[in-house]
K.L.:
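Here it is, the structure in full.
So that the names make sense, note that chain A is the first sequence line, chain B the second, and so on, each numbered from 1.
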Amino acid sequence: MSSSFLLGNTIRKANSEALKLMLGADPVLVDVVTASEAIPELEEGMILHSGPPIDWDRMCGPMRGAVAGIAVFEGWANDLSEAEHLAESGAFKLRPNHDFGAVGPMTGMTTLSQPVMVVKNRTNGNHAYCTINEGLGKVMRFGGNDASVIKRLCWLRDKLGPVMGAALRSGKGIELKPLVARGLTMGDEMHQRNLGCSSLLLRTLAPDLSRNVDDRDELSEMLAFIGSNDQFFLNVAMALGKSMMDPVCNIEGSSVVTAMSRNGTDFGIRVSGLGDEWFTSPVEMPEGLYFPGFSAEDANPDMGDSTIVETIGLGGFAMAASPAVAGFVGAGSPSSASDFTHIMGEITLTKNPEWTIPSLDYQGVPTGIDIRLVVETGIAPTINTGIAHCKPGIGQVGAGVVKAPLACFEKALRALAIRLGV
Amino acid sequence: MSIILNRVCPGLFLDSVVLMQISRSIASLEGVEDSALMIGTPSNLDLLDNAGLLKDTSRQAAGGDLIIAVRGKDDTTALRAMAKAESLLEQPVTTIKETFELQPRSLRSALASFTDANMALVSVPGEFAAAEARKALRAGLHVMLFSDNVSVSEEVELKREAAEVGLLVMGPDCGTSIIGGVMLGFANRIPKGDIGIVGASGTGLQEISCLIAQAGHGISHAIGVGGRDLSDQVGALSTLAVLEMLEVDSATRHILLVSKPPAPDVAESVVESLSRSKKTATVCFIGADELKLPNNVSFTRTLKAAAENATGILFKNPKKELQYKIPKLTPDRKLVKGLFSGGTLAAEAQVLFLDQGVSVASNAPIAGAMQDDALTGHVILDLGSDEYTKGRPHPMIEPAVREDEIIQSLADPSVAVILLDVVIGYGAHSDPAGEVARVVSEVQKEKPIVVASVTGTNEDPQGRKYQIEKLVDAGILVAPSNADAAKLALHCIGRND
Amino acid sequence: MTKTSKNPKGETKVPDNNDIHTLLEGPPRVINIGLSSFADDLKKQDIEMVNLDWSPPARGNVELANLLSKLFYK
């Protein structure tokens, strides 16, 4: 039998294994710990950011604002100006979250002292980390870095983080797969819409949170903080995604996408059969709707590790579950939401039987993005994303749909072909 | 000063037949010099450039983009033509309208719903054809590869892969197959019978099967293997496979093989295979010299003789049957211009000319004929060959591509006879004879004699009888077979014994 | 998958029991890839068929299309 025929079998087997690992994952929210405890490699002056590797001089406005802000928060600079000079001089070690088992939304700053949520994939024993969602408005993930932003980060570090950790440790942890399954029936897609899951999470956490806080006012503050943030669950969903996908890396011959991520300048993907290598291309501009007073001119290019959510079949892939989002992101009428999910079926290998969408007669979300299918069809993964202001610190100005650049997948395909001896 | 306008429509694809039809509509507008709609592959870009239709900016277009190109006598004309093209593109194409759900966009999704498919019929543009065929083979499907402009090395690679897993590749450039009465590609409705045909030639298969039908007999199957299968490089990979299939097939009593003359080694391996057959066989190598064959195999060198041999019936001599009213020719009209849509029909015509000692040139010359660059003397053209079908539909699907040649020849004072094949049946144009008749009738003044034959049967959608009538009404002389038409052409120039 | 043998000339000899004969065993069950007019003709004959809504793969890039075909599986 000629070797070219065998190749098809090799890839099929590898992809089968990849899908088995993905669908067999058992992600549980188990703890909140200090980042330095979770990620031993973290050191003074080291800043993890979202997206593929990038230097200071190529970073966009909000990303730079966040780097300066986090340096001040960590005490590596006295003020933002000093922080910027230090950054420019190369004083900070800038690395992707993804290389350290972590993910972060938008600017995605992860450093030593910040609290990170811990999701354990019990099937494989691996862990994934993500900071706690700061809320809406002027926040560091949008490049915010003034005193109010720093203050909030301190509160997360000193108050909410430790309490949430204690609460989670006191129980058996929160199983996330069933929680997401319920969210899908409640109109969530886990990227732009997390209202259902955020509410379910608070409901589950509240009793244990209460037991770990003596002061009523403090408790009230924490419950209000979580309860007022419709997007609180986003960071949990991201860590969940990372914990599902990490075991899928490095299956020889597999064409399944293990990560999609952006840093505001470059969009990068990783492929199972190609290990750690990033395949990058300039990010595209989201197309969407803007909050009053803002327009496309104010938009920052696409940014964040949150596309890990689409990588596991949620977000834009599960838009059929979330008709409201279709209107919100300007994708079309609510009834057109299911078209997006349907089209993503052309570039994925299977449907997830545990995450089903009622309006599609309980069809599972399209899972397992295959670079071969993306390149063949020319259909790029559809991503539901928030749009940040291009100037640091202003915050979210809209929401929209953005496509992963096809060039990333074409580059990866050529690399895979070479690797497999074609 | 002519004005050229281009528009590139990214990601828009329509098949070549639809594009050709739109092109024709635009080209017929007043003041429009030329127009074309093509996908942006490198070879199409060159074609557009050579036709004086390409603007430099269109060079960025890729194979997945559509280019609309028009050339008009002035700005207004060009703009009007472009606008018309755009509006025609927006109209729905009149073919099967299946719902979004039912029309899969990838082979993968097609197979997911159609799990027991056993073959793929591939007719995509040549650049993409090998890739589609390979995917189909990987999926465990036999492949009928209608597309041409596929390289020999790709053909060999595909046929070797197919052989390894017990699958058949019919083609490339396989226009015809009839499997158990099911017509694939260009094919005619032939009664069921016990003659199994394998052919490295589409129109050869068609002419022979139609003549078999005319003789009151029928076929079990007619399987095309592609024009190059019997070349040295390909080594009859598909032909040998089909011969084994027909050997085992209970519906087949007599095997008929038709092809242009194969390479000697290849002929030997085919004959060796037939010698082991328990069935009788007819071999038809167009224009070849007599071969030594085993007892169960007969040799023929024209399609007509092959049909006669396989059925055991000699077709009646047309000279006795039909009294043709042959118009008188003016003295300078001396030349025969053969304009064929079928490659093997063009080859058979050349055989008859050379057998009469009349020299002839062709773009697809058989042994003894000249290459057509001389352009003097009798010429027989195969207008379905690769160089004429790059980026354009086959003349059997779209008669327009042959029309220009016919019109030119009708106006040529040196042409005595225009010799045509008119091929009908499934896959062909809905009224090939009507198109030819129209073009010929439009020339009122003194013109060449037009001689034609109709390859088809009365059960074909166009109805052979009706097609013949249309041609006769236009003053065209219609012979009962392609071979007879060539003889009639020779008769018209005084060269038929 | 069946094995094949080659005769001394290096030509593939098709063995006795393999898939190839299945082609003639009943009406073909066709996936039409390309000209939609062929799909129309097949439909008129009432045979089992599916028409693929084909457009050039990989945004029309022939090199990628060929690569993809070598990495394809059902």
K.L.:
Could you tell me the separation between the CD1 atom of C:I20 and the CD atom of B:E244, rounded to the nearest 0.5 Å?
P.N.:
9.0 Å
K.L.:
Between B:P125, B:A117, B:G180, which shows the greatest number of heavy-atom pairs under 4.5 Å with chain C?
P.N.:
B:A117
K.L.:
At a 4.5 Å cut-off on heavy atoms, which part of B:D249 comes close to chain C: side chain, backbone, both, or neither?
P.N.:
side chain
K.L.:
Are C:F38 and B:Y426 an aromatic pair by the rule of ring centers under 6.0 Å?
P.N.:
no
K.L.:
Side chain, backbone, both or neither: which part of C:Q45 has a heavy atom under 4.5 Å from chain B?
P.N.:
side chain
K.L.:
Side chain, backbone, both or neither: which part of B:M144 has a non-hydrogen atom closer than 4.5 Å to chain C?
P.N.:
neither
K.L.:
Between B:L141 and chain C, with a heavy-atom cut-off of 4.5 Å, which part of the residue counts as in contact: side chain, backbone, both or neither?
P.N.:
side chain
K.L.:
What's the separation between atom CG in C:D53 and atom CZ in B:F13, rounded to the nearest 0.5 Å?
P.N.:
9.5 Å
K.L.:
Could you tell me which portion of B:E247 (side chain, backbone, both or neither) has an atom closer than 4.5 angstrom to a non-hydrogen atom of chain C?
P.N.:
neither
K.L.:
To check you understand the geometry: which heavy-atom pair defines the closest contact between C:F72 and B:R138, and what is its length?
P.N.:
CD2-CB, 3.8 Å
K.L.:
Heavy-atom distances under 4.5 Å only: say whether B:I223 touches chain C with side chain, backbone, both or neither.
P.N.:
side chain
K.L.:
For the candidates B:G11, B:G64, B:G40, which exhibits the highest count of non-hydrogen atom pairs separated by less than 4.5 Å from chain C?
P.N.:
B:G64
K.L.:
Would you find a donor on one side and an acceptor on the other, under 3.5 Å apart, between the side chain of B:S123 and the backbone of C:L35?
P.N.:
yes
K.L.:
Around atom CZ of B:R189, are there more than 12 heavy atoms of other residues, nucleotides or ligands at under 6.0 Å?
P.N.:
no
K.L.:
Less than 4.5 Å to any heavy atom of chain C: does that hold for the side chain of B:V122, its backbone, both, or neither?
P.N.:
both
K.L.:
If I measure from the heavy atoms of chain B, does C:I47 come under 4.5 Å with its side chain, its backbone, both, or neither?
P.N.:
side chain
K.L.:
Chain C: which of B:G427, B:P461, B:S109 shares the most heavy-atom pairs with it under 4.5 Å?
P.N.:
B:G427
K.L.:
Within this structure, what is the NZ-NZ distance for the pair C:K74 and B:K135, rounded to the nearest 0.5 Å?
P.N.:
15.0 Å
K.L.:
Tell me, side chain or backbone of B:S273 under 4.5 Å from chain C's heavy atoms, or both, or neither?
P.N.:
neither
K.L.:
Between C:A65, C:S55, C:P28, which residue shows the highest count of heavy-atom pairs closer than 4.5 Å to chain B?
P.N.:
C:P28
K.L.:
Roughly how far, to the nearest 0.5 Å, is the CG atom of B:L107 from the CD1 atom of C:I33?
P.N.:
5.5 Å
K.L.:
Among C:D41, C:L52, C:D46, C:N32, which residue forms the greatest number of heavy-atom pairs with chain B at distances under 4.5 Å?
P.N.:
C:L52
K.L.:
Between the side chains of B:D116 and C:R29, is the shortest nitrogen-to-carboxylate-oxygen separation below 4.0 Å, so that they form an ion pair?
P.N.:
yes
K.L.:
Checking heavy atoms, do the side chain of B:E127, its backbone, both or neither come under 4.5 Å from chain C?
P.N.:
both
